[in-house]
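Values below: all heavy atoms of this structure, side chains included; hydrogens, waters and symmetry mates excluded. Chain naming here is simple, since letters A, B, ... match the order of the sequence lines and numbering starts at 1 in each.
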Number of protein chains: 2
Amino acid sequence: MAALPHKNGRSGQRATIREIAEFAGVSIATVSRVVNGSGYVSDKTRMAVESVIREHRYTANRSARGLSAGRTGLVGVTLPRIHPSYFSVIVAGVAEALYELDMRIVLAPTLHEHDREVGLLERLMHGTTDGGLLVLPEESGSELRTLMSYGYRFVVVDPRMRIDERVPTVSAANSSGADQATRYLLELGHRRIAAITGPGDMMATEERLRGYHAALATAGVLPDPAIVIESDWEVDGGRRAGAALFELADPPTAIFAFNDPLAVGAMQSVVARGLRVPEDVSIVGFDDTVESEFVTPLLTTVRQPLAEMGRMGVSLLMRLLENRSFEALHVELATQLIVRASTGAGPAR
Amino acid sequence: MAALPHKNGRSGQRATIREIAEFAGVSIATVSRVVNGSGYVSDKTRMAVESVIREHRYTANRSARGLSAGRTGLVGVTLPRIHPSYFSVIVAGVAEALYELDMRIVLAPTLHEHDREVGLLERLMHGTTDGGLLVLPEESGSELRTLMSYGYRFVVVDPRMRIDERVPTVSAANSSGADQATRYLLELGHRRIAAITGPGDMMATEERLRGYHAALATAGVLPDPAIVIESDWEVDGGRRAGAALFELADPPTAIFAFNDPLAVGAMQSVVARGLRVPEDVSIVGFDDTVESEFVTPLLTTVRQPLAEMGRMGVSLLMRLLENRSFEALHVELATQLIVRASTGAGPAR
DNA sequence: TCACTTGCTGAAAACGTTACCGGGTTTCAT
DNA sequence: ATGAAACCCGGTAACGTTTTCAGCAAGTGA
C-alpha cells in the first residue's frame, strides 16, 4: 500500500485532486470537470465537490495541468531593459487583466543582445507558456518569424518597427495624438513649432511626424525642416536638440518633443539659456510617464493609455488562444492631451 | 504502435527526452542525468548526448520537470501597485540574476486590497513556484506568517516594516545613507537642515531619521523637531511639507527629503515661493530613481542599489532553496551619495 | 415494449520528466 | 588474486492533472 515517495514529503503540501475526490466521494474525473466547468456534472455533485474544494482551499497544480492539458496558464512577457518606468505600467495592466483570468505572467528578460535568436524561443515556448506578450525595445523580424513558424501565439504591444501583417499588435494612436498636441499649440497662437523626434526609422516617430504635419497643414502653416530635429528618445538628446534649436536665427516659440524625456531635456536646455517655460517657450511631451509630473513646470503631454494597452494585449492574446481562426488584429488606442503648466499663449502678433 | 494522442498534436511541438534518448542511443535516464548534471555519466556518452541535445535544441519541459521533481524553476515575485519606477529596477536585477540560473519570474500582482490573505498563498504556492521574492508596499505580518507556516521559502526585499526575525531580508543601508547625506549638507556649511520623512511607523523612516540625527549630533548641531516634518512619500506631500517649512519664522537653508518624490515636491514649493535651488535652499533626496535626473536642477540624492538588491534577493533565496539549514540572513547594501546640482554652500556665517 | 438519446459518472491512458533501484563494469588497495 | 569501492547506465514508479471512452440510468418516441 505504502508507495515509495521519491522525494522528501515536505510539510505544507497541498491537497491534490485525488484527496478532494475521496472526500467528496466522487472520482477525480468528476472533480476535474467541476474545476474546469467542462462536461456534464449534476448540480448536486457539483455543489458537493465545490464545497470540499473550498474547505480544503484546493487549486489545481499548474505543473500537472500544464503537462496533461498542454496549457500552463502562464503568459510570457518580454522585459526590455530600457524604458523601465514606461514598461512597468504596461506590465501592470497585463498583470491585472491576466489575474482575472487566473493566469500569470512569466517574465522573459531580453538581456544580452545576441542570445535572442535562440533565447527568446527557448524562454517562451516549450511547455513554459501558452502564449506571449512582446514588448520589445526594437523588433528584429527574424526572431518574430521564427516564433511564428513554430506556431507560437503572441501579440506585440507597442510595436517599434513595422512588422509582419499577421502579427496582432496593440499601439497608441500616435498620429492622432501628435495631431492633438500640435493643434493645441497652434490654438495657443504658436506658429513656429519645432519637433524633436525619435529615430527616423521607428514607427512612433513616423506616425507622430505624420500627425504633426497634418495639424500644421490644416492650420495653413508651412513646415520648416530646420526645426524638426531627429534625436534618440533620451533626456540628453533632448538637451542637445533644444540647444541646437536656439542657435537658430529664427528660433521656435514652441517645442513638441516626441516623448517625455526629450521634452524634459529640451526644457532643461531652454531654462539653461535663461528663457522661461512657458512664458517664452511652450513645451509638449508625449507618453505621460511619471516624469512629466516631476518636472517644473509640470509638463503638458500626450497620454498613452499604457495600462490599457497591456490589458488590450491580453484580450487579443486570449482570442488567439481560444479560437485559432483569427484575423490579425491591429488595435490602436486613443491618446489624450494632458494640459499642465509647460504650455502657454504664443507670441502676440 | 500509434498511441492515441488525447490532444491535438499542434505543429511546432518540440523534442522530448525520449526522442533525444533514442537518437543518442541511450536511456532517458541517462539523458536526464546529462541535462541535470547529476549522477555518473561517462564523458563519451555525455558528449554524445549533448551533441544530440544541441542538434535538436532540446530543453526540458518545465511542467513535466515541475511535476516530477517538485521544483518548477519559477520564482514568484509580488508586484506592488505603487512606486512602479522604483520597483522595475529591482525586478530587472532579479530577472537578470534568475536568468543566469535558468529560472524565471512569475509575477503575482497584489492588486485588490483584501484578497491578499488567500490570494498571496494561492498565487505563489502549490506547484507554481519554488520560492518567492516579496517586494511589498507594506507588510502585514499575518500573510507572512501564513506563508512561513506552510513552509514556503521566500525573501523580503526592501522591507517596509519590521518583520519576523526568521525571514531573510535585503535592504539598503538606510541609516548610513541618511548620515552621508546629512553630513554632506553640514560640510557645505548648512546648520539648519530640515527633514521631510515618510510615515513614522515605517522602517525606512525610522532608520533614515537615525542617520540624520547621528550626523547632526556628530557635528554638534541640536536637532529641531519643528523642521522635521512627517509626510507620505509622495510629491504632493513634499510640496505641502516644503510650504510649511517656509512659513516658519526661522526657515531651514537645506532640506533632506527621505525620498525623491518628496524632494521634488519640496523643490517645487521652494521655487514657487520665489527662492532658488541651490542658491537659497539646498535639497537632497533619497533613492536615486529616474526622477532625480528629470528635475531642474538635477537632484542630489542618495542612491539605493536597487538592481543589486534584486540580485542579492535571488542569491539569498537560492541559498534557502538549496541548503534548508539556513540562518536567517539580513543583508544591508551600501548606499552612495550622488552629488548633482540641487545642493550648494550654506549661508555665509 | 423496444430502441435510442441524453445526462451523468468512473476507469484509465497519457503528458514528460526525475529519482530510486539494481545490475553491470571498471579501478584500486591489500 | 581478490574483495570492496567507485563508476556507469537502464528500467520504471511516481508526480497531479485532463480527456477519452465506456457504461449505466432515466427519459423519449414509436
Between the side chain of B:D130 and the main-chain N/O of B:V75, is any donor-acceptor distance below 3.5 Å? no
Tell me which residues in residues 40-48 of chain B lie within less than 4.0 Å of DNA chain D, going by non-hydrogen atoms. B:Y40, B:V41, B:S42, B:T45
Quick one, A:R65 and A:N36 - any side-chain contact, counting heavy atoms below 4.5 Å? yes
Consider only side-chain N and O atoms of B:T146 and B:S149, and report whether a donor and an acceptor are under 3.5 Å apart. no
How many Å lie between CG on B:L67 and P on D:dA14, as a whole number? 14 Å
Residue pairs passing the salt bridge (Lys or Arg N to Asp or Glu O under 4.0 Å) test where at least one lies in residues 21-48 of chain B, sequence neighbours excluded: B:D43-B:R46
Rounded distance (Å) that lies between atom P of C:dA14 and atom CD1 of A:I28: 15 Å
Among the nucleotides C:dT18, C:dA12, C:dC15, which one has an atom lying closest to any side-chain atom of A:S68? C:dC15
Would one find a side-chain N or O of B:S32 under 4.0 angstrom from OP1 or OP2 of C:dT17? no
What integer distance in Å separates A:Y58:OH from D:dT17:P? 3 Å
Is it true that a side-chain atom of B:D158 and a backbone atom of B:S171 form a donor plus acceptor pair closer than 3.5 Å? no
Round to the nearest Å and state the distance from B:E22 atom CD to C:dT17 atom P. 14 Å
Matching residue for A:V167 among A:V155, A:L147, A:L329, A:V156 - test: side chain to side chain contact (heavy atoms under 4.5 Å, CB included): A:V156
My understanding is that only one of A:V135, A:L317, A:L316 makes a side chain to side chain contact (heavy atoms under 4.5 Å, CB included) with A:V170; could you say which? A:L316
Looking at every strand, decide which applies to A:V26 at a 4.0 Å heavy-atom threshold: base, sugar-phosphate, or nothing. sugar-phosphate
Measure all distances between protein nitrogen or oxygen atoms and nitrogen or oxygen atoms of nucleotides 22-29 of chain C, and list the pairs falling under 3.5 Å.
none

Between B:S27 and D:dC9, does any side-chain N or O lie under 4.0 Å from OP1 or OP2? no
A:S315 side-chain N/O to A:M312 backbone N/O, donor-acceptor pair under 3.5 Å: yes
Rounding to an integer number of Å, can you tell me how far B:I17 CD1 sits from C:dT17 P? 5 Å
Length of the line joining A:R18:CZ and D:dG16:P, which is rounded to integer Å: 7 Å
Yes or no on side-chain hydrogen bond (donor to acceptor under 3.5 Å, both in side chains) for A:T16 and A:Y58, after CA distance, side-chain angles and deciding distance? CA-CA 7 Å; A:T16 70; A:Y58 167 79; over 6 Å; no
Interatomic distance where CD1 belongs to A:I20 and C1' belongs to D:dT18 [whole Å]: 17 Å
DNA chain C nearest-nucleotide lookup for B:R33 and B:A64: closer to the 5′ end is B:A64
Figure out the CZ/P separation between A:R71 and D:dT17, and round it to whole Å. 13 Å
Reckon B:N61 has a side-chain N or O less than 4.0 Å from the OP1 or OP2 of C:dC15? no
